[in-house]
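Note sheet for the following structure.
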Amino acid sequence: FLHQFESPLRAALFKKLKPCMCDRGDIMFEQHEMGLQLYFLYKGTVLLKRTQPVEIPPERRPCAMRDCPDTCRGAIHPLSKAEIEERQKLAQTRSVKLREQGVFGEVSMVSSQLRPYQAKCTTLSFIAFMNKEEVYKIAEDWPQFLQALMNIAFLRANRSEERRVGKECR
């Protein structure tokens with residue numbers, strides 16, 4: 001990611017990066033957290049995982065009981081606990097593994113939205129991060145940096161949307 005930029009911009013970025021090491025199973029951030037850092041993976045593997053629960057309509061269904069009293073006449077009944085649990089199992093989970101190099105946490109940097117996914121190390125990983133204020137300070141002098149982050153966020157969002165639409169069409 002950083003190789004696409006000119007040397008002065010890379011130098012400014014490297015000065016602001018804070019290195020860290022994460023072990024297998026360490027969670028960098030959770031889905032729906034406020035994003036305050038941008039992360040750069042140098043070595044290792046990070047799993048980006050997004051879970052979207054299936055919307056469960058109001059917990060009611062038309063009566064389908066064979067032994068329902070005549071007074072029911074197809075009335076709406078609450079869903080049983082088993083029916084609710086079965087619907088919740090249908091949660092849609094998408095994940096992407098970043099290996100050896102990559103940037104993540106960019107969506108919250110460019111959209112001011114909560115983190116749309118969880119980031120978890122799946123191997124010993126060497127990472128560097130930068131605070132949101134530093135990202136925008138650098139973007140004042142080099143707007144192409146912020147544009148590149150926006151492009152990555154847009155591509156990830158579109159890939160996620162394509163996968164979702166693809167699953168619905170099957």
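Everything numeric here is computed off the predicted structure, so don't read it as measured data.
- The line from CG of L13 to CZ of F1 is 8.0 Å long, rounded to the nearest 0.5 Å.
- Contact annotation: the side chain of L17 never approaches that of F129 to less than 4.5 Å [non-hydrogen atoms, C-beta and beyond].
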- Message: Show, in sequence, the C-alpha distance, side-chain angles and deciding distance for F126 and Y42, and conclude whether the ring pair (Phe, Tyr, Trp, His ring centres under 6.0 Å) test is met.
- Response: CA-CA 6 Å; F126 297 92; Y42 288 100; 9.3 Å; no

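- Remark: the backbone N or O of Q113 is paired with a side-chain donor or acceptor of S108 at under 3.5 angstrom.
- Side-chain heavy-atom separations under 4.5 angstrom define the hydrophobic clusters, and I27 shares its cluster with no other residue.
- No continuous path of ILVMFWY side-chain contacts below 4.5 Å connects V96 to L47, so the two sit in separate hydrophobic clusters.
- Within the 4.5 Å cutoff, side-chain heavy atoms of F14 are placed close to those of L2.
- Taking 4.5 Å as the limit, some side-chain heavy atom of E134 sits within range of a side-chain heavy atom of K18.
- The shortest distance between side-chain heavy atoms of L36 and F29 does not fall below 4.5 Å.
- Sparse packing is recorded around NZ of K16, with 12 or fewer heavy atoms of other residues, nucleotides or ligands lying under 6.0 Å away.
- M34 has its side chain within reach of L114: a pair of non-hydrogen atoms, C-beta onward, lies under 4.5 Å apart.
- Between the side chain of D141 and the main chain of I138, no donor-acceptor pair closer than 3.5 Å is present.
- Side-chain atoms of Y39 never come within 3.5 Å of backbone atoms of M130 as a donor-acceptor pair (strictly under, hydrogens ignored).
- By the 4.5 Å heavy-atom criterion applied to side chains, L38 and L149 are counted as neighbours.
- Side-chain N or O atoms of T123 include none that pairs as donor or acceptor with a backbone N or O of G44 at under 3.5 Å.
- A distance of 13.0 Å separates NZ of K120 from SG of C22, quoted to the nearest 0.5 Å.
- In this structure, the side chains of C121 and I127 come closer than 4.5 Å at one or more pairs of heavy atoms.
- Qualifying side-chain contact (heavy atoms from CB on, under 4.5 Å) partners for A139, counting only residues two or more places apart in sequence or in other chains: L146.
- Applying the side-chain contact (heavy atoms from CB on, under 4.5 Å) criterion to R24, with sequence neighbours excluded, gives no partner residue.
- Annotation: cation-pi geometry not satisfied between R10 and F5 (NZ/CZ under 6.0 angstrom from ring centroid, within 45° of ring axis).
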- Task: Apply side-chain contact (heavy atoms from CB on, under 4.5 Å) to Q4 and Q144, showing your working.
- Result: CA-CA 10 Å; Q4 65 183 306; Q144 65 269 33; over 6 Å; no

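- Results of the side-chain hydrogen bond (donor to acceptor under 3.5 Å, both in side chains) test with Q118 over Q31, E30, R50 single out E30 as the only residue that passes.
- The distance from atom CE of M150 to atom CG of L155, rounded to the nearest 0.5 Å, is 12.5 Å.
- Across all non-hydrogen atoms, the minimal contact from E106 to V103 is OE1-O, 3.8 Å.
- Atom CD of E6 and atom CZ of F145 lie 13.0 Å apart (nearest 0.5 Å).
- To the nearest 0.5 Å, atoms CE (M109) and CG (N131) are separated by 8.0 Å.
- Side-chain contact check for F154 versus V110: every heavy-atom pair is 4.5 Å or farther apart.
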- Take R115 and V107 through the test side-chain contact (heavy atoms from CB on, under 4.5 Å) and record every step on the way to the result. CA-CA 7 Å; R115 301 243 190 232; V107 175; over 6 Å; no

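- Of the inter-residue distances, the one linking T45 atom OG1 with E100 atom CD reads 6.0 Å to the nearest 0.5 angstrom.
- Side-chain atoms of Y117 never come within 3.5 Å of backbone atoms of T51 as a donor-acceptor pair (strictly under, hydrogens ignored).
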